Amino acid sequence: MLQVGLNHFLFVSAILFSLGLFAVITRKNAILVLMGVELILNAANINFVAFAKYGTGGLHGQVVSLFVIVLAAAEAAIALAIVLNIYKLFTNVNVDEIDNLKE
Amino acid sequence: MSLFDIFFYLFALLTVISAFFVVSVKNVVHSGFYLLFTLFGVAGLYVLLGADFVAVTQVMVYIGGILILLLFGVMLTNKITNVEIKSGATNVLPAIVVIGTFAGALVSIITRTNWSESPSPAPQTTIGALGKLLITDYVLIFELLAILLLVALIGATSIARKKNENASEV
Amino acid sequence: MDINSLIVSLNLIKPEIVITILLFLVIAFDLFYKDNAVIPYITLIGLLVSLVFAITGLPFKENAFSLTNSQYGLLAIDPISSFFKIIVLLASIFVVLFTIISDEVENLKIRKGEFYTLISGMVLGMLFLTSATDFVMIYVAMELLSLPSYVLSGFMRLRDRSGEASLKYVIYGSVSSGIMLFGISLLFGITGSTNLFAINAYLTNQSINYLTLGLSIIMIFVGIGFKISAVPFHFWTPDVYEGSPITITSFLSVASKAAGFIFLIRFIFTGFTNGVAQSGFWNILPVFDWQTLLIIIAVSTMTLGNFSALWQDNLKRMLAFSSIAHAGYMLLGIAVLSNQGILAVMVYFFVYLFMNLGAFLIVMIFADKIQSENIDDFRGVGLTSPFLGFALAVFLISLTGLPPTAGFISKLYLFFALVDANLIYVAVIALLNTVVSLYYYVRVLKHLYLSKPTEATPVIKMSYSVNLLITIMLIPVLLFGIYFTPLLDFAKMCMSFLIN
Amino acid sequence: MEGFPILTLITFLPVLGMIFILLIPKESKFQIKLTSLVMVALQLVLAGIMMSQFNYNAGGVFEQSSFQFVEKVKWIEIPGVSWLGTVKIDYFLGVDGISMPMVLLTAFVSLIALISSWKIDKSVKGYFALFLLLDTGMMGVFVSLDFFLFYVFWELMLLPMYFLIGIWGGPRKEYAAIKFFIYTLFGSVFMLLVMIGLYFSTTETLTNGSKVFTFNLLAMMDKTNFTADGILSPFNPHNLRFIAYIALFVGFAIKIPMFPFHTWLPDAHVEAPTPISVILAGVLLKMGTYGLLRISYPIFPEITRELMWYIALFGAINIVYGALCAMAQKDFKKLIAYSSVSHMGYVLLGMASLTSVGINGAIFQMFNHGTITAMLFLIVGVVYDRAHTRGIEDFGGLASKLPVYTGFVTVAFFAAIGLPGMSGFISEAFVFVGAFSVPAIRILTVVSTLGIVLGAGYMLWTLQRIFFGKFNEKWSELTDLDTREYVMLIPLTIIIIFLGVYPSAMLNIMNTSVNVLAKFVNETSFLLN
Amino acid sequence: MSESLIVTLSLIILFLPLTGFTLTILLGKKVPKIYYTELLFISLAMILSVVIAFFKLGTYADKTIISSFNWINMGFISQGLNKYIELGIQIDNLTVIMLVMVNIISMLVHFYSIEYMHGDKKYTRYFAYLGIFTFSMLGIVLTHNILMMYIFWELVGLSSYLLIGFWYEKPSAADASKKAFLVNRVGDVGMFLGILMLFMTYGTFTFDDIYHQISMGVIPFNSGFWLTVTGILLFMGAVGKSAQFPLHVWLPDAMEGPTPVSALIHAATMVAAGVYLLIRIFVMLTADAMLVIAVIGAFTSFLAATIALTQNDIKKVLAYSTVSQLGYMVMAIGVGAYAFAFFHLITHAFFKACLFLGSGSVIHAMHHEQDIQNMGGLRKKLPFTYFTFLIASLTISGIPLTAGFLSKDGLLAGTLAFGSLTGHWLIPAAGFGVALLTAFYMFRLVILTFHGKPRDEDRFEHAHESPKLMVIPLVVLAVLSLFFWYTPNPLGADQGWFLSKWVVTPQTVTPEFTRWNFMQLEHAPKAGEHVIHSNMYMEAIHHAHYPAMILSLIMAGLGIFTAFLFYQWKKVNTDKLAAAIKPLYLFSFNKWYIDEFYNGVIVKALLVLTRVFAWFDTKVVDGIVNGVATLVRWVSIGGKYFDTYVVDGFVNFTAFISGLFGIILRKAQTGKVQTYIVFVVFSIIILLILL
């Protein structure tokens with residue numbers, strides 16, 4: 001059981017994913033929400049790399065994770081820009097308070 | 001329990017615990033720092049998985065880029081004088097219920113699954129192979145990413161720049 | 001992958017290359033050329049050229065950028081992808097034209113270059129998405145599509161609603177894509193590949209864990225559902241549609257959705273189908289119950305879309321819900337899991353392109369003039385501006401699906417497929433939904449015509465070119481309602497990839 | 001006349017007029033009205049020509065060769081592939097004895113309604129354009145022999161009707177218009193489903209011998225054309241024909257309007273402007289029953305027979321219930337509207353008998369109700385134009401002030417009561433004779449005769465309250481009929497009385513076809529047990 | 001004169017009044033004198049009908065001339081044969097006699113009306129209505145099939161409606177016309193159902209065909225019971241039109257119409273149409289049906305006679321008398337006295353028309369005063385009127401030398417025979433009782449109106465004999481009420497031409513087991529022989545003849561005597577008598593009572609509850625009609641609410657639910673993106689569970 005295998009990595013990634021999701025859902029600050037997103041992406045990445053090692057996928061998994069890291073950066077940049085814009089408009093970045101658009 | 005296992009548990013604990021703090025501490029800046037440890041732990045896991053190049057990229061891009069970006073974001077969205085860079089929580093109860101269920105399902109499914117495993121270990125160094133893959137099989141995506149980054153750059157500047165445009169905008 | 005096959009592959013993606021060049025041209029013009037008024041026209045030309053290539057590319061039926069030791073690659077250039085490319089490009093062309101007309105974006109003179117750069121980026125992402133057969137490609141293309149759209153939805157950056165829309169969009173979008181990515185990683189773990197063909201081969205031959213596969217598919221579906229705004233992944237849609245500039249809203253409602261749909265079709269057909277029966281029905285691998293999932297999603301999507309639209313006072317928001325409902329109808333076409341169903345989706349999309357964009361265009365013109373999107377402010381506009389009113393009426397009737405408009409034909413083919421597949425009860429639900437939808441579409445007509453125009457009701461006169469544009473959009477809606485042979489022939493031809 | 005596309009002409013003439021109208025500037029109101037008038041009048045002339053050329057001995061109903069003025073050209077043809085059969089839709093028009101009276105009725109009532117529209121002053125251009133479009137839709141429904149075409153025309157009417165009620169209607173016009181629209185659309189979506197189901201169950205043999213799915217109504221009536229496994233094919237042991245029949249029936253029943261789907265009618269009538277009420281009651285309601293005869297009966301004969309008791313039951317309910325509701329009304333127009341419900345019940349009852357006499361009576365009643373109710377609504381319009389109220393209690397003793405008007409009212413009312421010598425009597429008598437001769441629905445027929453008394457009750461009571469008794473001085477300014485109103489009412493009166501005295505003029509047209517239909521429904525054994 | 005000429009002339013007679021009507025109604029406004037054409041046409045029709053009658057009765061007395069054509073093709077009935085509805089006329093002796101009768105009275109009324117209606121603003125329209133009425137009535141007379149009879153049946157209903165409501169400004173007139181039409185409709189529905197039964201069984205409407213088939217043994221549902229039902233259903237038409245209990249209530253009210261109209265329609269012709277119908281269908285009536293008819297007829301005549309006793313409105317008395325006499329005729333049909341029923345129909349037409357026109361003359365003279373209590377002594381002022389009125393009264397009372405004596409006597413003999421043969425003695429008892437009452441109330445009327453001292457001096461002073469145009473018809477009618485037109489023997493009509501040659505009782509065609517046994521023939525009729533009834537019946541009639549004559553004479557005499565005793569010689573104080581038998585009196589005097597009842601004084605109504613008849617008449621009979629109307633109104637109001645709240649409500653409820661659904665959905669759209677994501681994750685779980 002303690003012998004580390006694929007499942008252990010997947011277990012870590014699952015927890016990371018859940019925590020990321022938790023952050024996205026619960027944190028008010030938009031930047032913390034973004035951090036949650038990063039956690040989710042990292043969880044996925046762990047999976048890819050783990051499967052690359054233990055599974056039949058080979059290096060392709062690592063390639064994917066590389067791409068994901070780059071995409072995460074781009075996404076973070078755009079998201080941050082938007083958050084800054086929000087800050088300019090609303091003088092706060094609390095996601096739950098920005099709900100003018102609704103029924 | 002081999003050294004590999006010990007390191008795994010080390011990095012795993014580091015990752016999970018700091019991630020837990022990321023989502024739970026009030027202070028946004030503290031969260032950022034905990035995120036640093038999480039990312040670092042993940043990088044460690046990469047190394048354990050034989051993905052040295054990915055680990056390096058993780059450290060450079062994530063820690064060196066994204067995290068800094070996020071911290072800048074924290075600074076910029078709070079007045080400097082504002083000491084309380086804190087963030088409350090919302091939706092906690094539904095989140096615990098929903099995500100608890102979800103995580104349970106995830107974990108149980110993952111552990112029960114018979115993954116397609118192959119005994120062959122990964123090659124010792126991956127940089128060469130990776131590089132080859134990037135410019136052969138994935139060359140299109142590679143180029144596409146370049147364009148994506150360019151577009152993202154333009155997009156980000158477009159939305160975040162200070163300069164005021166035409167006043168007629170509503 | 002050697003250089004020869006690379007050149008062959010590049011030859012196959014001419015439309016995408018044209019868009020890439022366009023992207024750089026726009027950036028260059030923006031940087032070095034003072035008068036950025038030409039940029040829209042450059043974009044138009046680029047899109048048109050790309051459209052021409054897309055049309056000439058219709059006969060292609062090949063894999064491009066194949067992986068080493070594999071006949072399959074990142075892209076599959078086939079007629080159906082060309083069809084959706086044409087849809088995307090047509091939509092883009094129209095949206096660019098709208099933007100030229102629109103006061104909203106036109107006022108932001110200085111940022112015109114950025115706008116068109118981002119549009120071009122989106123188009124590029126969509127084009128790649130139409131033919132992507134590898135999850136890596138899919139994911140990257142989707143991000144390429146999403147990132148500019150986040151920015152564009154917040155392009156009116158000094159407007160609260162626009163900013164809010166972009167924030168919601170970006171959070172929702174990145175979470176969705178994160179979940180999807182996690183799903184992809186699980187699928188990768190199960191099958192050891194990100195390529196759809198390889199996944200198919202693996203699923204055909206190996207036994208797999210049903211639950212894990214289901215989980216990964218559902219998680220991937222979150223990403224797709226986000227793009228096509230299918231219930232329950234639609235929540236962003238009304239808020240973002242309402243907040244975004246109307247041109248972007250219309251673009252998202254058609255082009256972005258089209259990209260999502262072709263991805264879904266490919267995912268199911270390439271990944272989970274083992275050939276097509278003579279009757280046109282797909283031999284779905286028994287690893288996952290696609291039909292149930294899709295029917296549940298489709299039915300809830302259209303029902304929710306329609307019922308939510310009932311009480312909307314904001315026209316844009318109403319059209320947002322209406323587009324959700326239409327996504328539901330189209331999902332039904334896929335849920336049939338047969339060639340007939342896909343044909344119906346294609347016909348539907350082609351018609352939807354015109355009628356939905358048309359409706360958005362008129363609403364945009366009205367909203368520009370009235371300075372409101374609230375339905376109550378539209379009282380009697382149909383009477384003071386007869387042509388625009390008439391056009392909106394036709395588009396809305398077509399959206400309802402009444403003959404003799406093309407909207408009827410598209411629904412007709414959908415029901416053909418459903419009845420052919422014996423999904424009668426689904427057809428009944430869909431039809432009842434149509435009745436519900438009538439109510440809110442007609443509600444617009446009611447305000448347009450049945451209410452007396454007040455003093456404040458403007459008389460809107462547009463230039464001939466705008467009227468021409470409207471007419472161009474009206475013609476297919478009316479013509480295909482009466483004589484739909486060409487439309488069907490075209491769609492059927494594009495279906496040929498599924499036959500072999 | 002061979003080869004002359006008279007049906008196309010009669011159907012699309014109004015559209016042509018609409019195009020002309022759209023080209024006329026909206027200030028030229030008179031020209032617009034004149035154009036419409038000419039078009040609709042031409043339509044009536046064409047209908048007259050058709051009648052003069054009509055072969056009374058050709059049956060029609062299920063065989064193309066005995067339809068008349070047939071036009072059949074390819075409309076849509078999409079060659080098939082392995083998984084998708086050839087899609088072929090014909091532009092297929094034709095009339096037989098069942099549709100010919102309806103064509104006449106449509107042309108005639110349209111003209112009357114157009115004359116009645118002469119006083120419309122608000123958005124003249126839009127009104128007449130929509131009116132003509134509506135006309136085309138109505139005519140198209142009656143001459144189409146292809147289900148697809150039928151459906152297109154059927155839906156084509158909805159929108160003009162919606163606007164005509166909604167823009168030119170009364171105070172609650174919006175409510176009434178949307179109610180009408182939703183109700184009818186609700187019905188027609190079921191029809192659409194049945195249409196598609198039938199399409200996938202019926203094949204037609206092309207000249208080259210290949211079999212393709214078809215929308216051809218006549219092909220659907222031939223048992224040999226059904227596929228082995230179509231969901232609406234009688235050969236399929238799990239077929240859904242029964243459900244399909246119900247669905248189709250609901251679609252038509254809403255239009256009729258049959259209890260309990262009738263509540264849109266009073267609202268629509270009350271709010272609609274007079275000419276539109278005339279069209280609505282005169283022509284639109286007939287589409288429901290026409291559809292039953294044209295589509296439900298010959299395509300689903302076995303279920304028709306199975307359900308005939310229920311059809312008769314609803315007919316009887318309509319008759320009695322409509323009459324009772326009419327009696328309680330205080331609004332003149334609403335009363336007439338409910339009387340329509342009652343009168344359409346006779347049509348249902350007659351149809352349910354499945355006998356030649358009953359169906360003859362039903363079709364004749366459709367025609368007669370068209371003319372009589374048109375007249376009744378015109379009458380309401382006349383008094384409403386002058387007094388701007390329709391409350392029955394508001395009037396009294398008008399007979400002495402408006403003698404000629406009262407005369408016409410009396411004629412119309414007695415026609416509605418079914419007084420011999422007027423057309424309504426013949427059709428009602430036929431309906432009763434037909435229905436009574438069928439043992440299964442005899443009791444219902446006896447119950448329905450209650451309608452005779454009740455009908456007389458509310459009509460005469462109304463007559464008394466409005467026209468008899470002490471003259472209400474409030475209305476001393478009212479004037480008697482003007483020329484335009486004479487022009488509308490006199491032709492109607494003449495037709496009503498002429499057909500009452502010489503009903504064969506109409507009955508002979510339909511007789512052969514009805515015989516064929518009745519025989520077809522009774523003898524075609526679709527039930528394969 | 002050939003048969004075809006007779007047919008042609010009959011058609012001309014039929015359409016002359018219609019032409020008059022059309023011309024008058026269309027041109028009435030432009031040419032006020034147009035009504036002369038109507039007068040001209042009706043006179044022409046009268047002359048022609050006399051001519052026809054002369055030739056028909058003289059030359060073709062034994063022949064029935066039928067001429068018909070196919071009117072409507074009804075489509076297949078069976079075996080793929082097209083069925084046609086025929087229209088046609090049937091000219092037999094009854095027809096021509098009726099033609100003459102209708103035309104004569106119609107013409108007289110036309111002329112009478114010239115003066116009577118003088119000055120009315122709807123003068124021309126009045127004549128037009130008379131024209132359409134005459135046309136319709138002639139249609140009933142001439143038809144050879146039951147459907148056509150129904151058609152004209154309804155048309156006379158229409159004319160009656162128009163004429164009763166002629167003075168529609170009077171709410172009472174408008175009410176009465178409506179009531180008449182509706183009550184008639186009720187009867188007509190029964191008749192219509194009967195027609196449906198006939199058509200269903202025989203596939204034809206033509207009398208001869210139907211009777212032929214019945215004689216072949218074809219009967220509805222192969223059951224004698226249903227043949228009876230058919231007969232009774234058809235009889236319902238007669239109940240309505242001939243104002244039989246329980247549908248008699250419209251006729252007294254119908255007196256709101258102009259008096260000449262009452263004479264023509266509500267006394268002489270239209271109301272007799274019911275009897276005419278019974279005569280036409282006589283041969284298919286079963287024993288049971290006949291018994292029902294007889295009982296209803298007898299009861300009606302008694303009921304009406306008792307009411308007539310106390311009425312003070314001259315027209316009301318006559319109206320109830322009409323009801324009573326119609327009951328006689330119906331009763332006569334019921335007991336099988338076919339010939340006498342018809343005979344009485346004809347004689348009644350003349351004398352009742354005479355009475356009505358006479359009353360019209362009185363009313364005219366008295367300036368529209370109708371209450372006999374305000375009259376008296378008019379004999380001197382109105383000699384001609386008095387004289388003719390007296391003759392007619394004698395006729396109705398059944399005094400020898402009048403035609404009424406002949407017909408009534410025969411009729412009563414029939415009932416007596418019937419009673420003796422079947423044991424239903426109540427029927428003759430009612431018949432003779434009514435004879436007594438009739439004589440009494442008629443002479444009460446005569447005495448109160450013409451004899452004694454004037455009670456309203458003022459009006460009396462101004463009263464004067466009516467103009468010639470009004471008096472001459474009276475005289476003509478009075479003369480026509482005398483015996484010599486029908487038979488040379490003033491004491492028995494049996495041997496007269498009317499009964500022996502013209503009116504011949506036809507042989508019933510009903511299956512034997514449904515007949516009275518006394519109607520069973522002993523032998524088959526030979527050609528040309530009029531075998532009416534069995535010997536048993538003939539004997540019974542024969543035996544009944546003299547007792548009936550004597551008894552009826554006694555009754556009539558007693559009645560007249562009593563009337564004189566009461567009113568002329570005032571030997572009995574009528575007031576005291578009325579007080580003495582107050583319950584019975586009030587009973588009869590119910591008119592008052594209705595008004596009070598409707599004014600809400602139900603308590604008073606309860607006080608006289610014991611008076612069964614009045615109660616029965618006003619509350620049950622009339623009350624049923626009114627009550628049914630009320631009930632119907634309640635039901636219809638209920639229907640309206642049902643419609644508004646339930647049916648419509650259901651639809652609106654559906655809409656409401658849809659709306660609610662929409663609102664719930666809106667709740668989910670919170671605007672908070674994080675909530676959205678919760679939903680997303682939640683749905684993933686749900687989908688996972690579902691799959």
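Keep in mind that what you see is a predicted model, and the values were worked out from it rather than measured. Within every chain, numbering begins at 1; the chains are lettered A, B, ... in the order of the sequence lines, protein sequences first and strands thereafter.
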A.B. asks: Looking at every heavy atom in both B/V28 and A/M35, which two are closest together, and how far apart are they?
C.D. replies: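 Shortest heavy-atom separation between B/V28 and A/M35 comes out as O-CE, 4.2 Å.
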A.B. asks: Heavy-atom pairs under 4.5 Å with chain A: which of B/A103, B/S31, B/P94, B/G155 has the most?
C.D. replies: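 Ranked by contacts with chain A, first place is B/S31.
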A.B. asks: Indicate whether any N or O donor in one side chain lies under 3.5 Å from an N or O acceptor in the other, for A/Q62 and B/Y46.
C.D. replies: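 No.
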A.B. asks: Rounded to the nearest 0.5 Å, how far does OH of A/Y54 lie from CG of B/L49?
C.D. replies: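 Result: 6.0 Å between the selected atoms.
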A.B. asks: Can you find a side-chain donor-acceptor pair between A/N42 and B/Q58 that sits under 3.5 Å?
C.D. replies: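 Yes - a donor-acceptor pair under 3.5 Å links their side chains.
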A.B. asks: Apply side-chain contact (heavy atoms from CB on, under 4.5 Å) to the pair B/V42 and A/N45, showing each step before the final yes or no.
C.D. replies: CA-CA 9 Å; B/V42 172; A/N45 259 358; 5.8 Å; no
A.B. asks: Please flag which part of B/L35 lies under 4.5 Å from any non-hydrogen atom of chain A: side chain, backbone, both or neither.
C.D. replies: side chain
A.B. asks: What closest approach, in Å, do B/Y9 and A/V4 show between heavy atoms, and which atom pair accounts for it?
C.D. replies: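 For B/Y9 and A/V4, the tightest heavy-atom pair comes out as CE1-CG2, 4.0 Å.
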A.B. asks: Could you please spell out the steps behind the side-chain contact (heavy atoms from CB on, under 4.5 Å) verdict for B/V54 and A/I69?
C.D. replies: CA-CA 9 Å; B/V54 178; A/I69 291 170; 4.2 Å; yes
A.B. asks: Quick check on A/I25 against chain B: is it the side chain, the backbone, both or neither that has a heavy atom closer than 4.5 Å?
C.D. replies: both
A.B. asks: Among B/V151, B/V98, B/I141, which residue forms the greatest number of heavy-atom pairs with chain A at distances under 4.5 Å?
C.D. replies: B/I141
A.B. asks: May I ask you to decide if the ring planes of A/H60 and B/Y138 are parallel, tilted or perpendicular, using 30° and 60° as cut-offs?
C.D. replies: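 Geometry flag for B/Y138 against A/H60: perpendicular rings.
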A.B. asks: Could you have a look at A/G61, A/A50, A/G20 and say which one has the most heavy-atom pairs with chain B under 4.5 angstrom?
C.D. replies: A/A50
A.B. asks: Quick check, are the ring centers of B/F142 and A/F67 under 6.0 angstrom apart?
C.D. replies: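 No, they do not, as the ring centres are separated by 6.0 Å or more.
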A.B. asks: Which atoms of B/F102 come close to chain A, meaning under 4.5 Å heavy atom to heavy atom: side chain ones, backbone ones, both, or neither?
C.D. replies: side chain
A.B. asks: Is A/L16 close to chain B through its backbone or its side chain, or both, or neither, when contacts mean heavy atoms under 4.5 Å?
C.D. replies: side chain
A.B. asks: Would you check, one step at a time, whether the test side-chain contact (heavy atoms from CB on, under 4.5 Å) holds for B/F72 with A/L84?
C.D. replies: CA-CA 10 Å; B/F72 266 119; A/L84 287 182; over 6 Å; no
A.B. asks: Examine whether an atom of B/L145 lies under 4.5 Å from a heavy atom of chain A, and if so say whether it belongs to the side chain, the backbone or both; otherwise answer neither.
C.D. replies: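 Contact with chain A is through the side chain of B/L145 alone.
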A.B. asks: Between CD1 of B/I110 and OG of A/S13, what distance do you get to the nearest 0.5 Å?
C.D. replies: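 Interatomic distance, B/I110 CD1 to A/S13 OG, rounded to 0.5 Å: 5.5 Å.
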A.B. asks: Using heavy-atom distances under 4.5 Å, tell me whether A/F9 contacts chain B through its side chain, its backbone, both, or neither.
C.D. replies: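 Both backbone and side chain.
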A.B. asks: Which value, rounded to the nearest 0.5 Å, describes the distance between A/L80 atom CG and B/L71 atom CG?
C.D. replies: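 If we round to the nearest 0.5 Å, A/L80:CG and B/L71:CG are 10.0 Å apart.
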A.B. asks: Find the distance between CZ (B/F20) and OG (A/S18) and round it off to the nearest 0.5 Å.
C.D. replies: 12.5 Å
A.B. asks: About how many Å separate CZ of B/R112 and CG of A/N7, when rounded to the nearest 0.5 Å?
C.D. replies: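 Reported value, rounded in 0.5 Å steps: 12.0 Å.
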A.B. asks: For the residue pair A/A81 and B/A156, what are the closest heavy atoms and their distance?
C.D. replies: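 So the minimum-distance heavy-atom pair works out to CB-O, 3.5 Å.
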A.B. asks: Pick from B/L39, B/T15, B/V23: which one makes a side-chain contact (heavy atoms from CB on, under 4.5 Å) with A/L39?
C.D. replies: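 Result for side-chain contact (heavy atoms from CB on, under 4.5 Å) with A/L39: B/V23.
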A.B. asks: Hey, could you give me the CG/CG distance between B/L133 and A/L59, rounded to the nearest 0.5 Å?
C.D. replies: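 Atom-to-atom, B/L133:CG and A/L59:CG are 6.0 Å apart.
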A.B. asks: Counting heavy-atom pairs under 4.5 Å with chain A, which one of B/L70, B/V61, B/L67 comes out on top?
C.D. replies: B/L70
A.B. asks: Can you tell me which portion of A/E75 sits under 4.5 Å from chain B's heavy atoms? Options are side chain, backbone, both or neither.
C.D. replies: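 It is neither, since no heavy atom gets under 4.5 Å.
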A.B. asks: Could you tell me which non-hydrogen atom of A/A14 sits nearest to which non-hydrogen atom of B/V107, and how far apart they are?
C.D. replies: CB-CG2, 4.1 Å
A.B. asks: With a 4.5 angstrom heavy-atom cut-off, which part of B/L69 approaches chain A: side chain, backbone, both or neither?
C.D. replies: both
A.B. asks: Most heavy-atom pairs under 4.5 angstrom with chain B, which of A/D96, A/V63, A/I15?
C.D. replies: A/V63
A.B. asks: Walk me through whether A/V12 and B/F11 qualify under side-chain contact (heavy atoms from CB on, under 4.5 Å).
C.D. replies: CA-CA 10 Å; A/V12 172; B/F11 284 128; over 6 Å; no
A.B. asks: Is B/F4 atom CZ crowded by more than 12 heavy atoms from other residues, nucleotides or ligands, each under 6.0 Å away?
C.D. replies: yes
A.B. asks: Side chain, backbone, both or neither: which part of B/L106 has a heavy atom under 4.5 Å from chain A?
C.D. replies: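 Side chain only.
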A.B. asks: Which heavy atom of A/T26 sits nearest a heavy atom of B/A95, and at what distance?
C.D. replies: CG2-CB, 3.4 Å
A.B. asks: Using non-hydrogen atoms only, which part of B/I159 is less than 4.5 Å away from chain A: side chain, backbone, both, or neither?
C.D. replies: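 Both backbone and side chain.
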A.B. asks: Checking A/V49 against chain B: side chain, backbone, both or neither under 4.5 Å from a heavy atom?
C.D. replies: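 The answer is both parts of A/V49.
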A.B. asks: Let me know if A/I82 has heavy atoms under 4.5 Å from chain B in its side chain, its backbone, both or neither.
C.D. replies: both
